[in-house]
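The sequence lines fix the lettering, A, B, ..., with proteins before strands; numbering per chain opens at 1. Treat the numbers as computed from the prediction; the structure is a model and nothing was measured.
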Amino acid sequence: MSLYIFYISNFLLLLCLTASLIQFGKIINNKIFTRPGVIVLAYVQLISILLSFLILIYLFLISDFNFDLVYFNSHSEKPLIYKFSGVWGNHEGSMLLWILILVLFNFLFALSRRISERFKEITVAVQSIMIFGFVAFLFFLSNPFALNQNNFFDGIGLNPILQDPLLAIHPPVLYVGYVGFSLVFSLAIAGLITKEVDQQWASIVKPWVFSAWAFLTAGIALGSFWAYYELGWGGYWFWDPVENASLMPWIAATALIHCVLILQKRNVMQSWTIILAILTFSLSLVGTFLVRSGILNSVHTFASDPGRGLFILLFIFLILVFSFSLFAYNSEKINKINSMGLVSRGTGIQVNNWLLITILTIVFLGTMYPLATDLLLNKSLTVGPKYYSTTIAPIIILFLFFMFISPRLGWTDTKLYKIIIQLRYFIITSLTITLIISLYFELFNLTEILIIFFSLLLVISSMTASINFNKQNILVRTNLGQNLAHAGFGILMMAVVSNAVYSEERIYNAKVGDNLQLQKYIFSFDKIEQVEESNYNSLKAYFLMKKDGKLIDTFTPEIRFYSNPPTITSEASILHKFFSDIYLVMNVPQDQQSISVRMHIKPFMTILWLGTLMIIIGGIISASIRIGRVGEK
Amino acid sequence: MINTIKIFLLLFLLQSNTIAEDIRAIELFKEVRCLVCQGQTIHESNAELAEDIKKLIREKISQGETDHQIKEYLVEKYGDWILMTPPFNSLTYILWSFPFLILIIGAFAIYRQKRS
Amino acid sequence: MKSKHLKFLPLVLIILLSIFLFFSLNNDTSKLSSPLVGKKVPEFSLPNLFGQEELTNLDLSSENPILLNVWSSWCIPCRAEHDILMVLSELYEVEIFGLNYKDNNEEAKNFINDLGNPFVKIGSDNSGRTAIDLGVYGVPETYIIANGIIIYKHIGPIHMNEMEEKILPIIQNY
C-alpha cells in the first residue's frame with residue numbers, strides 16, 4: 001500500500017513539473033505549443049499538487065511510519081489536530097504547502113479577466129518557471145514522500161512547542177503573504193518585458209499586493225503572539241534572525257504598496273516600484289528558505305540543511321540576476337517624467353519610502369553583520385534588540401511625522417504652514433495629552449515622548465479623517481482602509497513604547513505558602529501538583545493573585561514533560577486585562593524545595609495586538625475595495 | 001515610637017536596596033548572551049552555564065562592582081560575543097554608522113530630484 | 001549620466017551579496033574563538049582532587065607546552081576523550097593538568113580510578129567559578145599553555161585526528 005502511494009505521489013510531483021515546463025515553453029514560444037491552453041495547464045498544476053498535499057495529510061492522519069517524514073514528525077498518540085498541522089510543521093511538508101499556495105495563486109491569476117492576453121501569458125510564464133524550480137527542489141532535495149526500509153512501530157513525534165493551535169495556522173497565513181509577492185514579482189517582470197509599467201499596471205497589481213501584505217502582517221503577528229505566550233520569556237519580539245527574515249519583506253512591501261498607490265494616481269516612480277517589487281519577493285524567498293539553510297541560526301529554526309541552502313541560494317541568485325539585468329536593460333524605457341511638487345503627498349510618501357528602506361537596511365545589517373565579521377575577521381559578535389531599538393527609534397519619529405502630514409497634503413505643491421494651521425487643534429490636543437502622560441508617569445526620555453506625541457497625532461488625525469469624509473461623500477470607502485491601518489500603526493507604536501518603558505519583572509525562588517509581591521498585587525503560592533494529560537505530564541503550580549486582600553484570579557504556570565519526543569516546556573499563565581497583562585512563568589525546579597517563578601507586568605499588550613489587528617483589517621479593506629474598482633476606470 | 005519608625009525606615013531602605021539590585025541584575029541579564037544556547041540571553045535561559053553566570057553577576061553587584069566593570073570582565077573572558085549589544089569599536093563602525101549614512105543619502109537624493 | 005550607472009547598482013549589490021552568502025553557507029558558525037588565547041592564565045587556586053597541594057596557575061607556568069583539560073565524570077564525551085588523554089600523557093609524555101568541572105568528588109575519583117589517570121594534578125572546581133574565569137563554555141575543553149600563556153584552546157572532545165593534526169604539532173613545534 002505504502003509503495004503505491006509512494007509511486008502515485010511522486011508521479012503527481014513529476015506531472016506538475018512537466019506541466020510547468022510546458023506552460024513556460026508554450027508561453028515563450030507560441031508557435032510550438034498552441035494547445036492545450038494556459039488555463040488547462042494551470043488546472044493540471046493545481047490538481048497534481050493539491051492531490052499530493054491531500055495524500056500527505058492522509059499519511060499523517062493514518063500515521064504511516066513507512067514514510068520518513070511521518071516517522072520523524074508524528075506520533076500515533078498525538079491529538080488529531082497536531083497530526084494534521086504536523087504536515088507543515090517540518091521542512092518538506094511546509095515546502096509542499098508553499099508550492100500549493102504558489103500554484104493556487106497562479107491558477108487564480110490565469111483565470112482572472114480584464115487583463116491583456118500577452119501580459120497574462122508573460123506573468124504566468126514567470127510563475128511557471130518558479131513553480132518548476134520549487135517542485136524540482138521538492139522532488140530532488142526534500143522529497144516529502146521518501147520511504148524508509150525499517151518497519152517502525154511508532155514515530156518520533158512533533159516538537160511540543162510546535163503543538164499549538166496558533167502555530168497550526170501561522171505558516172499557511174505567512175505563506176499566502178510570501179507567495180502573493182511572487183505574483184507581484186511576476187507582474188513586475190511582465191511589466192519590464194512589455195515596457196508597460198503604468199496606471200493600468202498599478203491597478204492590476206494593487207489587489208494582489210494589498211492582500212499579500214495583509215496576510216504577511218497577519219502571519220508575522222500570529223508568530224509574534226505565539227512567541228509571547230509559548231516561549232515564556234515575556235517578550236513578543238526578539239529581533240531574532242528568523243523574525244527579522246519575516247520583517248524584512250514586510251518593510252519592503254509596506255514601501256511597495258504606497259508606491260503602487262502613487263503610481264496609480266500620478267504615474268510616477270516606475271523604476272522604484274519595480275525595484276521594490278523584486279526586492280520584496282526576494283526577501284520573501286530569503287524569509288522562507290534561508291532560515292532553513294543553516295546560515296541563520298535562531299530559536300525558531302526547526303530544520304536546517306546546508307545542501308538545500310545551496311540550491312535555494314543558487315535559485316534566488318538566478319532569479320535576481322535575471323530580473324535586475326532586465327531592469328538595467330529596460331528601466332529607462334518604463335520611466336515617464338511626471339513632476340511632483342516639493343511639499344506634496346507624493347514627496348511625503350517618497351520620504352517615508354526612504355525611511356522604510358533605512359529601517360530595512362538596519363534590520364538587514366543587524367542580521368548579517370555577525371556573519372560578516374565571523375567570515376572575514378573570524379570574530380564573533382552578537383547584535384541584540386538594543387541595537388535595533390536605538391537605531392530605529394529616531395527614524396520612527398520622522399516616519400510618524402510624515403505619516404501624519406502626508407495624507408493631509410495635496411498631490412501638487414501645498415503650503416506647509418496652511419496645513420499646520422488647519423491641524424492646530426490636533427497638535428494642541430496631542431501635545432497636552434503627551435505632557436500629561438509624561439508628567440504623570442515620569443517619562444522624560446525625549447525619543448519616547450516624541451514617539452508618543454507623533455503616534456497620538458497620527459491616531460487622532462487618521463480617525464477624524466475617516467469621519468470627516470463620511471459626512472461629505474462616499475470617499476470614506478476608499479480611505480477607510482488607509483485610515484484604519486494608519487491609526488492602527490500609531491496605536492501599535494504607542495503600545496510598543498509604553499510597554500518597553502513600564503514593563504516590570506521580578507524573579508523569586510518560592511516555596512508553597514510564600515507570598516510574593518509584584519506592584520500592588522500579592523501572589524500566594526497555594527500548591528503544586530502533578531497532572532497527567534494524554535500526550536504529556538505536567539507540574540502545575542497554583543498562585544492566588546490578591547489585591548487589597550481580595551482574590552482576583554488564579555494563575556497556573558506549568559512545566560510540561562512530553563515523552564514523544566522527550567522535551568520539557570514551560571507554559572506561561574497570563575491574565576489579559578485591557579491595560580496590562582500579568583504573566584507568570586515557572587522554571588524547572590533547581591532542587592526539590594522551591595521553584596523559580598518569574599512574574600511580569602506587561603502593560604498595553606492588549607492594545608498592542610489591537611493596533612496590529614487594525615493594520616491587518618485596514619489592509620484587507622484596501623485590498624477588497626480595490627478589487628471592485630479595477631474595472632471601473 | 002520614633003524608634004519604631006526608624007527601624008521601619010531602615011528595613012524599607014534595606015529592602016528597596018535589594019529590589020534595586022534585583023532590577024539592576026535583571027537588566028544586566030538581558031544584556032548577556034547565553035553562551036551555550038542559540039540567540040537567547042542568560043535571562044531567558046536555564047542552562048547551567050547561564051545560571052552560573054547569573055549567580056556570578058549577582059555576586060559582583062553585591063560586591064559593589066559597576067555594570068561596566070561586570071561587562072568588561074565577561075568580555076575579557078568570552079569576547080564581545082557575550083554582549084547582546086555590540087560595543088562601538090573598530091569592528092562595529094560600519095554597523096552603527098551605516099544606517100545614518102543611508103538616511104543622508106536618501107535625503108540628498110530626494111532633495112536633488114525635487115530641485116531639478 | 002549618473003542614473004545610467006545607477007541602474008546597474010542593484011545587480012552589483014546582489015552579486016556581491018550572493019558571493020558573501022555562498023561563503024557563509026560553508027562557514028561553521030558554531031566554532032568560537034577565545035579572547036584569552038595569547039593572554040596569561042588568570043590567577044586561581046583549586047583544591048586538589050587526590051592530594052593536599054592545591055592546583056594553582058603557577059603549576060601551569062612551565063616552559064614546555066602543557067595541557068589543561070576541563071572535564072567532568074557526568075560528561076559523556078569526556079569518557080571518549082579520556083583515552084586520547086591517556087595516549088597523550090603516556091605515549092607522547094605531555095604534561096596534562098585536569099580541571100574537574102562542577103563534579104562530585106567521589107564520582108570524579110571513581111572515574112579516574114576506572115579509566116586511568118593521565119593528569120599530573122587535578123583541581124576540583126565544584127562551583128564552576130574558575131571555569132568562568134578561564135572562559136569555559138562547557139566540558140570538555142582543553143587549553144595548551146606555555147610559559148603561563150594560553151596558546152591554543154580546543155572546544156569539545158579531542159578526537160584522534162585532531163590530536164594528530166592540531167594538538168601534537170602545536171606542542172612539538174613550540
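Take Glu44(B) and apply the salt bridge (charged side-chain N to carboxylate O under 4.0 Å, His left out) test, not counting sequence neighbours, and it matches no residue.
Contacts with chain A (heavy atom to heavy atom, under 4.5 Å) involve no residue of residues 61-73 of chain B. Chain A is approached within less than 4.5 Å, heavy atom to heavy atom, by Thr85(B), Pro86(B), Leu91(B), Thr92(B) from residues 85-92 of chain B, ordered by number. Of residues 94-102 of chain B, those residues lying under 4.5 Å from chain A by any heavy-atom pair are Ile94(B), Leu95(B), Trp96(B), Phe98(B), Pro99(B), Ile102(B).
Contacts of Tyr387(A) with chain B are made by both backbone and side-chain atoms, with heavy-atom separations under 4.5 Å. Contact of Leu103(B) with chain A is made through backbone and side chain together, with heavy-atom distances under 4.5 Å. In this structure, chain B has a heavy atom under 4.5 Å from the side chain of Leu377(A), while its backbone stays farther away. Contacts of Val351(A) with chain B are made by both backbone and side-chain atoms, with heavy-atom separations under 4.5 Å.
Chain A forms the most heavy-atom pairs under 4.5 Å with one residue out of Asp80(B), Ile105(B), Leu83(B), and that residue is Leu83(B). Chain B forms the most heavy-atom pairs under 4.5 Å with one residue out of Ile507(A), Thr391(A), Thr390(A), and that residue is Ile507(A).
The shortest side-chain heavy-atom distance between Glu505(A) and Lys30(B) falls under the 4.5 Å cut-off.
A distance of 10.5 Å separates CZ in Phe238(A) from CE in Met84(B), rounded to the nearest 0.5 Å.
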Derivation and outcome, side chain to side chain contact (heavy atoms under 4.5 Å, CB included), residues Arg598(A) and His43(B):
CA-CA 10 Å; Arg598(A) 210 165 63 215; His43(B) 181 61; 4.0 Å; yes
Derivation and outcome, side chain to side chain contact (heavy atoms under 4.5 Å, CB included), residues Glu31(B) and Lys386(A):
CA-CA 9 Å; Glu31(B) 274 293 292; Lys386(A) 220 171 212 166; 3.7 Å; yes
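The heavy-atom pair separating Arg506(A) from Asp22(B) by the smallest distance is NH2-OD2, 3.1 Å.
Within 6.0 Å of NZ on Lys60(B) lie more than 12 heavy atoms contributed by other residues, nucleotides or ligands.
Proximity of a side-chain donor or acceptor of Thr382(A) to a complementary backbone N or O of Trp81(B) within less than 3.5 Å is detected.
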